[in-house]
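Order of the sequence lines sets the chain letters (A, B, ...), proteins ahead of strands, with each chain counted from 1.
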Amino acid sequence: GGTTKDDASKDNGSAAVGKADPDAETKKGLTVAFLPKQVNNPYFTTADKGGEKALDELGSTYKEVGTSSGTDTAGQVSYVNTLTQQQVDAMAVSAQDPGALCTALKQAMRNGVSVVTYDSDTNKDCRQVFVSPASAEDLGRTQVELLAKQIGGKGEIAILSAAQTATNQNTWIDVMKEELKKPAYKDIKLVKTAYGDDDAQKSFQQTQGLLQEYPNLKGIISPTTVGIKAAAQYLSGSKYKGKVKLTGLGTPNDMRAYVKNGTVQEFELWEPAKLGALAAHVAVALESGQITGKEGETFNAGDLGTMTIGADGVVSPGEPTVFDKANIDEYDF
Amino acid sequence: MTHPEPETTPVLALEGVSKSFGAVRALRDVSLRLYAGEAHALAGENGAGKSTLIKSLAGVHRPDTGTVLLDGEPVDFHSPADARDAGIAVIYQEPTLFPDLSVAENIFIGRQPRRSLGRVNHRTVKTAAAELFARLGVALDPDRPARGLSIADQQLVEIAKALSLDARVLIMDEPTAALTGSEVARLFGVVETLREQGSAVLFISHRLEEIFELCQRVTTLRDGAWIASEPLSDLDEDGLVRRMVGRDLEELYPKQQTRIGEVALSVRRLTREGVFTDVSFDVRRGEILGLAGLVGAGRSEVARAVFGVDRFDGGEVEVLGRKLSPGAPSLAMAAGLALVPEDRRAQGLVMDMSIERNIGLTGFAATSRAGLMNRRAERSRAVDWATRLQVKYARLADVVGTLSGGNQQKVVLAKWLATAPQVLIVDEPTRGIDVGTKAEVHRLLSSLAADGVAVLMISSDLPEILGMADRVLVMHEGRLTAEIPRAEATEESVMAAATGRTDRGRKAA
Amino acid sequence: MTTTVEPVRPEVAPESVAARRLMDRIFKARELAVIAVLVVMLGATQLSNSEFLSQQGIRDLMLNATILVLVAIGQAMVVITRNVDLSVGSVLGISAFAAGLHLKDGGHPIIAVLLAVGVGALFGVVNGALVSLGKVPALVVTLGTLYIVRGIDSIWVGSRQITASALPDGFVDFGSDGIGVVPYLALLTLAALVVVAYYLRNYRSGRDMYALGSNPEAARLAGVPVRARVMTAYVVCGALAGLAGALYLARFGNVDSNTGNGYELVVVSAVVVGGVAFTGGSGTVYGAALGAVLLTSINGVLPALGVSSVWVTAINGFLLLLAIAVDRVLALRVAGALRKKAAQSRSARHA
Amino acid sequence: MPDPTVKSPVLSRLGGAVRWDTSVGVLLVVLLICSFSFVENFGNALNVSFLIGNTLPIALIALPMAMLVVSGEVDLSVASTAGLSSAVMGALWNAGMAIETIIPLCVLLGVVCGLVNGLLVTRLGLPSLAVTIGTLGAYRGIAQIVLGSDSVTDFPVQYLDFGAGRFGDTFLPYAVVPFVILLAIAVVVLHATRFGRSLFAVGASEEAARFAGVRVKRLKLAMFVSTGVISALTGVFWTLHYASARYDNATGLELSVIAAVLLGGIDFDGGKGTLGGAIAGVFLLGTMQNVMSLLNVSAQSQTVATGVLLVISVLAPRIGRRISQARARGRTAAPPLTAPST
Ligand SMILES: Nc1ncnc2c1ncn2[C@@H]1O[C@H](COP(=O)(O)OP(=O)(O)OP(=O)(O)O)[C@@H](O)[C@H]1O
Ligand SMILES: Nc1ncnc2c1ncn2[C@@H]1O[C@H](COP(=O)(O)OP(=O)(O)OP(=O)(O)O)[C@@H](O)[C@H]1O
Ligand SMILES: [Mg+2]
Ligand SMILES: [Mg+2]
């Protein structure tokens with residue numbers, strides 16, 4: 001723990017209910033812990049690196065802890081508890097489960113730790129601010145747009161998701177379904193949502209199954225980095241390469257080979273580093289008393305500019321980036 | 001020692017060997033010499049150290065002190081394989097087969113005949129095994145798996161395995177304990193041939209007449225110590241017993257006159273498909289009923305079915321007028337039945353548990369209340385019976401597997417006698433038990449009968465059946481072929497019925 | 001030492017030969033049962049979905065099976081010696097990464113495959129040494145090495161991953177191409193299968209493994225070099241897991257620190273479904289391979305039938321139960337036949 | 001050279017000296033003392049209550065699991081049973097049922113799950129490892145069907161408090177009370193009743209136990225059912241403790257339980273071990289993880305540490321025995337070879 005932890009925890013003892021002072025001085029020397037869904041996951045590593053960089057610039061300390069499995073909720077809870085014990089100043093958590101972390105997070109807040117969620121949210125009374133990668137509406141809408149454009153606005157499509165319980169996947173899928181009801185997409189039929197559990201092999205076989213079950217399938221949306229990568233690998237080694245379109249959320253490094261060999265035309269993702277950086281700024285702003293997590297509060301987020309907290313304490317770094325053959329080599333994450 | 005020994009160098013010898021297991025001194029400064037062309041017997045009570053001596057010769061145990069000499073040269077066998085490669089074949093006291101492999105492969109494992117590229121020649125393996133069985137006069141299918149073989153058949157496979165080595169030294173630890181006369185005769189014929197061809201033979205048996213029949217010299221051990229090595233021509237059975245136990249032997253078959261009472265166990269038309277058919281008999285209080293037959297006649301199977309370990313397809317069993325439901329040993333025990341099974345290692349004892357716990361296993365009714373154990377009662381029950389049967393042990397908490405074969409058998413007896421049964425079934429009760437203790441066990445059975453217990457005694461030891469039974473039943477191929485009263489029971493009449501020549505015996509009811 | 005027993009006239013009683021043939025047939029039936037289930041399942045799926053057994057479909061089925069089959073072969077060998085190797089998933093993951101790293105740095109594909117096999121064999125040596133030198137329960141030891149190797153893997157790999165773009169095209173194509181409908185990977189796997197099966201059946205050391213699993217104590221008394229055999233089994237198992245890792249890389253074009261996680265239970269299931277007994281000494285690698293094919297085919301069949309993935313886990317579980325239950329019923333039949341046969345041969349003996 | 005002495009005798013002789021379960025207990029105590037004195041933040045009541053609360057699910061299932069392993073069987077479906085119980089709890093709560101009705105139903109569910117395992121093992125004679133790998137998938141699959149991707153969190157506050165709360169400011173979670181009661185029952189049953197005696201006998205030699213009149217099948221069935229029930233209850237506890245009913249709750253817990261039980265000296269071949277050792281094993285692993293987290297040891301290194309501990313747990317007693325044997329041999333070999341006396 002840092003040297004300031006004692007006074008920090010004292011004067012923020014009731015951070016959640018305190019009053020925001022936008023002009024308060026930005027504190028230095030804080031310890032902010034990142035607790036991703038899974039350590040060693042390249043996506044989260046990039047995001048957390050972003051957070052680390054931002055914290056460096058802010059003069060605070062970064063640390064990362066977490067479970068090596070993405071579905072070890074109990075493990076995540078015990079990490080929250082440990083962080084509470086270690087009296088870090090703030091934690092940025094990507095929740096594996098919206099409810100399971102609640103008790104532990106509330107306990108953390110009672111002990112004066114500021115709690116930010118990023119990437120995946122918990123119930124909203126269990127954290128102060130949620131840093132959303134991009135708004136669910138944006139993500140759902142743009143992915144449907146991308147695929148519709150590629151398949152010429154008509155035909156059967158399917159979704160390849162991660163686990164059935166993945167909260168943000170489900171939110172995006174709901175938005176996509178709403179979106180598809182629009183008249184512009186009346187010739188597109190969503191035939192199935194398959195779940196690959198964010199496991200390369202399972203996602204792979206689910207893709208096979210989709211293509212066997214729906215021989216007329218024109219396109220697949222996979223709003224998960226593992227899923228899109230597995231689907232792309234299967235398509236690129238099969239007779240469907242280039243014929244069945246694939247889009248969704250993926251990282252440029254994962255997808256580079258498939259974009260170049262023509263399996264995939266376009267896909268998108270926000271920049272995870274920005275997500276992490278924003279989470280870091282939010283955490284420091286909370287600890288400094290500049291914000292409390294209420295709608296309308298504003299704070300300075302460094303390179304990202306001035307940010308405003310939206311409804312339900314959600315803030316997001318902006319629209320996702322679309323990657324294609326032309327721009328993919330400009331990115332490295 | 002003054003007894004003359006051959007002038008030549010012994011093929012295999014032990015000089016001053018000692019071996020301890022923790023506090024137990026199993027061998028103390030023992031020496032032994034085996035000469036080519038001579039059959040040497042090893043005699044001693046249960047736990048005298050005979051098996052330990054053999055294991056020291058065979059590279060299983062490493063002696064603490066002393067040397068093993070091969071052709072006069074000291075050797076250091078690191079493993080059984082070393083001994084085998086030096087031309088020593090061993091039949092251990094307990095069969096050690098591979099249940100999943102075919103009988104033929106069991107015999108040749110690790111040294112199968114090969115064909116090109118070092119591949120195993122499966123055909124030769126099979127024909128060679130068939131040839132060995134033919135030599136031993138055994139009708140075993142070389143292709144059948146060893147799983148499910150009776151103890152006797154397993155022992156025969158072990159014998160075939162040892163013979164297949166064509167070894168210079170053949171060591172046999174109680175190979176005949178489970179065999180009947182005809183198999184023993186065949187075995188002795190083969191061993192005799194080997195000996196004449198110049199092999200050295202070391203033979204252990206608790207049947208003294210076998211020792212006199214096969215061997216020329218004998219070494220006696222007592223409590224791990226060497227007592228004597230001498231030609232058998234100088235000894236008679238009593239003399240040998242005196243060497244072994246240090247005193248004269250009492251009557252081996254102390255049969256008491258008893259009052260035969262009501263029917264205690266009644267078996268009616270019992271049938272288990274493919275194993276035994278239509279078996280009916282009664283055992284009365286105070287009576288010892290002998291059940292004789294050749295190996296594989298199905299006697300053990302009947303006993304197991306009666307006790308409820310195996311299910312049966314037809315017929316019924318009554319104990320003291322109460323019908324037993326099939327397949328429930330616990331109910332049979334509650335009704336007053338006890339079974340001392342033939343295979344003590346697999347069926348009689350939990351080898352990894354202590355002596356105390358093994359004896360305690362049958363006594364929960366007496367040593368627990370409302371399910372809770374009474375440790376003191378458990379202990380005193382175990383001490384009582386272990387002492388009564390003269391089990392030789394260091395501590396009651398010792399694992400039963402460390403006892404010598406005969407002492408293990410006594411623990412099995414103790415475990416069942418402690419239940420104070422009304423009907424006692426004993427299957428080969430004295431297998432591997434030394435003469436002294438055998439007499440003890442016989443006296444015990446006899447006095448139990450005198451106390452009104454009904455005893456059904458299965459034994460392959462014909463003199464034992466003739467000496468102890470009030471009545472003899474004979475089985476052949478899963479059927480009862482004769483019922484012979486004590487007065488008429490002779491080796492001839494029983495063997496005739498056992499081999500299927502039923503005209504000599506009276507037809508069973 | 002060779003035996004001096006001269007070949008003799010095969011004078012086995014005629015009825016026992018007949019009985020043996022019967023047993024043989026029943027025994028083969030155990031593996032035939034798995035094949036039958038497989039055929040029925042694939043046929044039914046084809047009826048309801050004609051795309052299923054298209055060229056692409058058949059190739060996919062074979063490709064899906066290869067990796068699990070490879071690992072199952074090695075596992076079967078270990079299980080036959082009455083041991084088990086739970087660390088295969090972790091070993092697969094770490095050797096796949098080793099191969100990937102080599103390729104990423106511009107290495108030669110063949111060297112990369114050999115590297116993966118070598119890494120796998122190395123962990124096989126560790127497992128084999130721990131199990132046979134310490135004479136300790138294999139389950140605990142390999143549960144330990146499962147954790148250890150997984151931990152080392154994730155420390156070493158960190159958040160790095162090898163993606164298709166880092167691999168030479170030829171290598172990735174090798175993962176999906178083949179001769180006609182038969183993929184290269186399947187050919188490789190088949191070769192491994194035949195070699196191991198032939199070895200286990202026809203070499204002394206192979207037979208030793210069955211003996212060892214059947215009765216370890218007896219094996220020692222019979223002079224079987226127990227440690228060497230256990231070590232061989234573990235090394236082969238590790239090497240095959242390593243090879244599987246390399247093929248995984250070719251097939252999926254992707255490894256990270258989670259590759260192969262949880263694979264041990266799948267492999268063990270495959271081996272059990274294939275009729276290799278956990279008590280050692282029985283079963284064949286062909287059976288294990290069939291078990292693996294059956295399990296992976298189920299995973300291919302269900303999506304092709306349009307069964308919602310919600311049901312897949314449950315159906316997989318029930319099918320596994322069904323497979324072992326059927327196998328058991330068949331085994332009981334064999335025991336029954338043995339009993340009848342014992343009665344017959346007894347009549348022969350005392351005739 | 002390989003020591004060819006049969007394994008069991010020596011084991012019993014030196015058993016008193018190097019009993020592994022006692023060593024694990026000692027190790028746990030030493031670890032606790034060191035942690036209390038040297039690890040910052042370890043000793044306060046809140047942390048200890050976290051430690052206990054997070055370890056309880058494993059400890060609960062370890063009770064019947066240890067006994068099951070002693071009897072020579074194993075149940076890998078425990079975590080799936082817990083998950084199924086959690087999913088059913090969530091589904092029924094969503095359907096508006098009272099929690100007082102739901103919990104007995106979950107117990108019943110545990111009985112059914114245990115019965116299925118037990119009947120397949122005892123009636124069909126299937127190996128439990130294979131059966132429970134099957135039901136591991138089946139139960140988890142049913143859980144997924146029952147609750148789908150829902151996550152139910154709105155259970156009544158007093159129950160959630162019971163699951164997560166503790167007595168005042170002490171380190172004792174409420175849930176410790178039922179655990180201690182169950183522990184006491186299990187210890188008595190395994191070590192002081194005829195049922196327990198029979199379990200050991202069955203595990204060491206099923207055939208010999210059957211010949212001694214032990215009702216092997218009934219005994220095993222009872223153990224599978226108890227395991228099912230405790231697993232289902234653990235599912236309920238898990239749901240309340242983490243305030244979340246999901247189909248994937250407790251995934252992978254079976255390996256943790258088995259690792260802990262084996263670490264505690266329960267012999268996987270059956271017939272050996274003590275409950276005290278098993279529970280010491282559970283808390284040793286739990287404490288180690290807690291301490292390592294507090295010391296900022298990464299999850300990956302913790303995995304390695306767990307594995308190393310497991311390997312040591314089986315190697316150490318054997319190496320110890322080997323050393324004392326060598327010493328014993330050295331002693332007896334000391335006197336000079338005596339000349340043959342014949
Ligand atoms: N592995 C062992 N560990 C401890 N003690 C042993 C071991 N093997 C044998 N003993 C002890 O050594 C002594 C001699 O046993 P051994 O088996 O050699 O007797 P035996 O003469 O063969 O008896 P039997 O006629 O009953 O077979 C016995 O007291 C036995 O308990
Ligand atoms: N589990 C089994 N499976 C198959 N066959 C068996 C099994 N147990 C025994 N048998 C066979 O049943 C037959 C009769 O058994 P067993 O030899 O025990 O009878 P017995 O008359 O008691 O002979 P013994 O003199 O050996 O006691 C034998 O041929 C044996 O091989
Ligand atoms: Mg002996
Ligand atoms: Mg018999």
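Within 6.0 Å of the NZ atom in Lys239(A), the count of heavy atoms belonging to other residues, nucleotides or ligands exceeds 12. Environment of NZ in Lys189(A): sparse, with no more than 12 heavy atoms of neighbouring residues, nucleotides or ligands closer than 6.0 Å. At most 12 heavy atoms of other shown residues, nucleotides or ligands fall within 6.0 angstrom of atom NZ in Lys274(A). No more than 12 heavy atoms of other residues, nucleotides or ligands sit less than 6.0 Å from atom NZ of Lys49(A). Annotation for Ile110(C): atom CD1 does not count as buried by contact number, only 12 or fewer foreign heavy atoms lying within 6.0 Å. Counting non-hydrogen atoms of neighbouring residues, nucleotides and ligands closer than 6.0 angstrom, the CD atom of Glu330(A) exceeds 12 such neighbours. Atom CG of Asp329(A) has more than 12 heavy atoms from other residues, nucleotides or ligands within 6.0 Å.
Both the backbone and the side chain of Ser238(A) come within less than 4.5 Å of a heavy atom of chain C. Residue Phe44(A): no heavy atom, backbone or side chain, is found under 4.5 Å from chain C. Looking at Tyr43(A), there are no atoms closer than 4.5 Å to chain C (heavy atoms on both sides), in backbone or side chain. Neither the backbone nor the side chain of Phe174(C) comes within contact range of chain A, judged by heavy atoms closer than 4.5 Å. In this structure, chain A has no heavy atom under 4.5 Å from any part of Val301(C). For Gln201(A), the parts lying near chain C are the backbone and the side chain together; criterion is any non-hydrogen pair under 4.5 Å. With a threshold of 4.5 angstrom between heavy atoms, Tyr195(A) approaches chain C through its backbone and through its side chain. Heavy atoms closer than 4.5 Å to chain A are found in the side chain of Arg59(C), but not in its backbone. Looking at Lys260(A), neither its backbone nor its side chain comes within 4.5 Å of chain C, counting heavy atoms on both sides.
Distance check: Lys229(A) NZ to Gln161(C) CD gives 4.0 Å after rounding to the nearest 0.5 Å. Within the model, atoms CG of Leu235(A) and OG of Ser176(C) stand 11.5 Å from one another, a figure rounded to the nearest 0.5 Å. Residue Gln56(C) holds its CD atom at 5.5 Å from OH of Tyr240(A), rounded to the nearest 0.5 Å. Rounded to the nearest 0.5 Å, atoms CD (Gln38(A)) and OG (Ser154(C)) are 10.0 Å apart.
Judged by distance alone, the side chain of Gln233(A) and the main-chain N or O of Asn254(C) form no donor-acceptor pair under 3.5 Å.
Taking each heavy atom of Tyr258(A) and Gly253(C) in turn, the nearest pair found is OH-O, 4.3 Å. Of all heavy-atom pairs between Pro42(A) and Ser159(C), the closest is CG-O, 3.4 Å. Minimum interatomic distance between Gly158(C) and Asn40(A) (heavy atoms only, all atoms of both residues): C-OD1, 3.0 Å. Nearest heavy-atom pair, Asn64(C) versus Gln205(A), reported as atom, atom and distance to 0.1 Å: CG-NE2, 3.3 Å. Counting all heavy atoms, side chain and backbone alike, Gln212(A) lies closest to Phe52(C) at OE1-CD1, 3.3 Å. Residues Thr163(C) and Asn253(A) come closest through the heavy atom pair OG1-O, 3.6 Å.
If you tally non-hydrogen atom pairs under 4.5 Å between each of Asn261(C), Asn258(C), Asp256(C), Leu305(C) and chain A, the highest count goes to Asn258(C).
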